[in-house]
Enquirer: 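Handing you a structure now.
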Amino acid sequence: MALASEPVQQNQAQKDAADQNFDYMFKLLIIGNSSVGKTSFLFRYADDSFTSAFVSTVGIDFKVKTVYRNNKRVKLQIWDTAGQERYRTITTAYYRGAMGFLLMYDITSQESFYAVQDWATQIKTYSWDNAQVVLVGNKCDLEDDRLVPTEDGQRLAGDLGFQFFETSAKDNINVKQVFDRLVDVICDKMNESVNGDASPVANHKTPSLQDTPPESQGGCSC
Ligand code: GTP
Ligand code: MG
């Protein structure tokens, strides 16, 4: 994969991507304006690394990470899209089949926040109806430069029916939590479809995800 830097990481990444040993595969997309921190967020989650250099993404790339939920392997195929307008035709082609989106803005950029509505429209236009979305206000370590109040993010997420988190890829704040929540709501949605249960997502008791295989056996709530 083009995103991995060291040969060892590359081998691991290739192994992860090729690994067919999983129970569920969730395709996730990270979208939002250029420079909001999408690539940094994915690197923090998948490799626990961060760099302050800005190398704008060309087109699209992906990383794979496996999480465990009630003894089931859930393979996350996470697509990191370019925020620049000129790649829009390429990136929207990948929306189809995505089960979840991380729609990201930068809390120090009003422009990136104003663009959220447009990104939400893109999701509605190009993805399937049941796709789950988390609105992510990134760079919350830059409190002194904040231009988007937390309440504005919360309100917009509420209006759009999205989950909401403020995060920092730099300081590793809420990064794992965002992915955990997204997987949780996708699993809840799958449960609703299978059981015909229309109860709200918040009422479901969902165990938290783990990065290592659990030892005991049990059923999966997916
Ligand atoms: P495109 O690929 O052009 O769409 O941009 P992107 O959204 O992938 O942005 P990227 O991850 O490349 O980050 C842009 C810049 O913001 C880089 O200089 C990062 O180091 C910086 N950055 C990313 N996340 C954070 C964060 O949480 N805090 C701070 N302070 N800087 C961040
Ligand atoms: Mg990028």
Side-chain angles (χ1 to χ4, degrees), residues 3 27-46 49-63 76 78-92 94-95 98-127 131-186:
L3 284 181
K27 176 181 168 185
L28 311 177
L29 251 74
I30 311 179
I31 63 172
N33 275 14
S34 182
S35 93
V36 298
K38 300 180 295 298
T39 302
S40 308
F41 199 82
L42 181 54
F43 268 72
R44 173 60 77 192
Y45 181 60
S49 67
F50 178 82
T51 168
S52 49
F54 177 27
V55 182
S56 194
T57 303
V58 173
I60 189 152
D61 207 338
F62 77 96
K63 279 180 177 287
L76 306 180
I78 310 162
W79 291 85
D80 171 30
T81 64
Q84 291 182 55
E85 179 76 41
R86 69 178 124 149
Y87 299 114
R88 206 54 50 85
T89 317
I90 301 170
T91 54
T92 50
Y94 287 81
Y95 283 38
M99 301 172 83
F101 287 82
L102 275 74
L103 201 179
M104 188 173 291
Y105 66 92
D106 171 354
I107 66 148
T108 71
S109 159
Q110 257 162 356
E111 193 191 340
S112 73
F113 183 65
Y114 294 147
V116 165
Q117 188 69 59
D118 285 343
W119 288 108
T121 305
Q122 302 261 326
I123 294 173
K124 237 185 152 51
T125 309
Y126 295 105
S127 80
Q132 302 298 305
V133 186
V134 180
L135 181 64
V136 177
N138 191 39
K139 307 195 187 180
C140 72
D141 56 288
L142 298 176
E143 194 55 48
D144 291 349
D145 301 321
R146 177 191 284 275
L147 292 175
V148 183
T150 305
E151 303 73 50
D152 288 10
Q154 264 162 350
R155 193 176 315 117
L156 182 58
D159 291 348
L160 292 167
F162 298 165
Q163 304 283 319
F164 176 69
F165 283 89
E166 284 193 345
T167 65
S168 168
K170 186 178 180 202
D171 288 357
N172 198 7
I173 299 169
N174 277 342
V175 176
K176 183 174 177 298
Q177 285 82 346
V178 164
F179 283 99
D180 284 355
R181 178 68 64 83
L182 189 52
V183 173
D184 277 350
V185 292
I186 291 169

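Quick note: numbers below take in every heavy atom, side chains included, and nothing from hydrogens, waters or symmetry partners.
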Enquirer: Heavy-atom distance under 4.5 Å between the side chains of Y45 and I78, does that happen here?
Expert: yes

Enquirer: Please check if the side chain of K38 supplies one atom and the backbone of M104 the other of a donor-acceptor pair under 3.5 Å.
Expert: no

Enquirer: S40: what forms a side-chain contact (heavy atoms from CB on, under 4.5 Å) with it, not counting sequence neighbours?
Expert: F50, A169

Enquirer: If only atom types and distance count, is the side chain of R44 paired as donor or acceptor with the main-chain N or O of K170 below 3.5 Å?
Expert: yes

Enquirer: Taking the ring of F41 and the ring of F179, is the distance between their centroids below 6.0 Å?
Expert: yes

Enquirer: Looking only at heavy atoms, what is the nearest atom pair of F164 and G137, with distance?
Expert: CE1-N, 4.4 Å

Enquirer: Keeping to residues at least two apart or across chains, list the salt bridge (Lys or Arg N to Asp or Glu O under 4.0 Å) pairs with something in residues 99-113.
Expert: D106-K139

Enquirer: Mind checking what makes ring pair (Phe, Tyr, Trp, His ring centres under 6.0 Å) contact with W79, not counting sequence neighbours?
Expert: F62, Y94

Enquirer: Got a second to check how far D141's CG is from R146's CZ, nearest 0.5 Å?
Expert: 10.5 Å

Enquirer: Once ring pair (Phe, Tyr, Trp, His ring centres under 6.0 Å) is applied, do any residues pair with F162, and if so which ones, sequence neighbours excluded?
Expert: none

Enquirer: L156 and Q117: which non-hydrogen atoms are nearest, and at how many Å?
Expert: CD1-OE1, 4.3 Å

Enquirer: Report the distance from atom CG of L182 to atom CG of L102, rounding to the nearest 0.5 Å.
Expert: 5.5 Å

Enquirer: Please confirm whether the backbone N or O of T108 pairs with a side-chain atom of D145, one donor and one acceptor, at under 3.5 Å?
Expert: no

Enquirer: Holding to side-chain contact (heavy atoms from CB on, under 4.5 Å), I want the full list of residues that pass it with R88, two or more places apart in sequence or in another chain.
Expert: E85, T91, T92, W119, Q122

Enquirer: Between CZ of F165 and CD1 of I173, what distance do you get to the nearest 0.5 Å?
Expert: 13.0 Å

Enquirer: Indicate yes or no: at least one non-hydrogen side-chain atom of V178 is less than 4.5 angstrom from one of T167.
Expert: yes

Enquirer: Looking only at non-hydrogen atoms, find the nearest pair between G153 and Y105 and report the distance.
Expert: CA-OH, 3.5 Å

Enquirer: To the nearest 0.5 angstrom, please state how far the OG atom of S168 sits from the CD atom of E143.
Expert: 11.0 Å

Enquirer: What are the two closest heavy atoms between S34 and F54, and how far apart are they?
Expert: OG-CZ, 3.7 Å

Enquirer: For T39 and D80, what are the C-alpha separation, side-chain angles and deciding distance, and is it a side chain to side chain contact (heavy atoms under 4.5 Å, CB included)?
Expert: CA-CA 6 Å; T39 302; D80 171 30; 2.7 Å; yes

Enquirer: Step by step, work out the side chain to side chain contact (heavy atoms under 4.5 Å, CB included) result for I186 and L28.
Expert: CA-CA 10 Å; I186 291 169; L28 311 177; 3.6 Å; yes

Enquirer: So among V136, V134, I123, which one has a side-chain contact (heavy atoms from CB on, under 4.5 Å) with L103?
Expert: I123

Enquirer: Considering only heavy atoms from C-beta outward, does the side chain of I107 approach that of E166 to under 4.5 Å?
Expert: yes

Enquirer: Can you sort out the partners of S109 under side chain to side chain donor-acceptor pair (under 3.5 Å), two or more places apart, ordered by chain and number?
Expert: S112

Enquirer: Could you tell me whether R181 and D184 make a salt bridge, using a distance below 4.0 angstrom between a side-chain N and a carboxylate O?
Expert: no

Enquirer: Show the nearest heavy-atom pair for residues I30 and T81, with the distance to one decimal.
Expert: O-OG1, 2.7 Å

Enquirer: Using a 4.5 Å cut-off on heavy atoms from C-beta on, say whether the side chain of Y95 contacts that of I31.
Expert: yes

Enquirer: Of all the heavy-atom pairs spanning L147 and P149, show the shortest one and how long it is.
Expert: O-CD, 3.6 Å

Enquirer: Going by heavy atoms in the side chains, are D61 and L42 under 4.5 Å from each other?
Expert: no

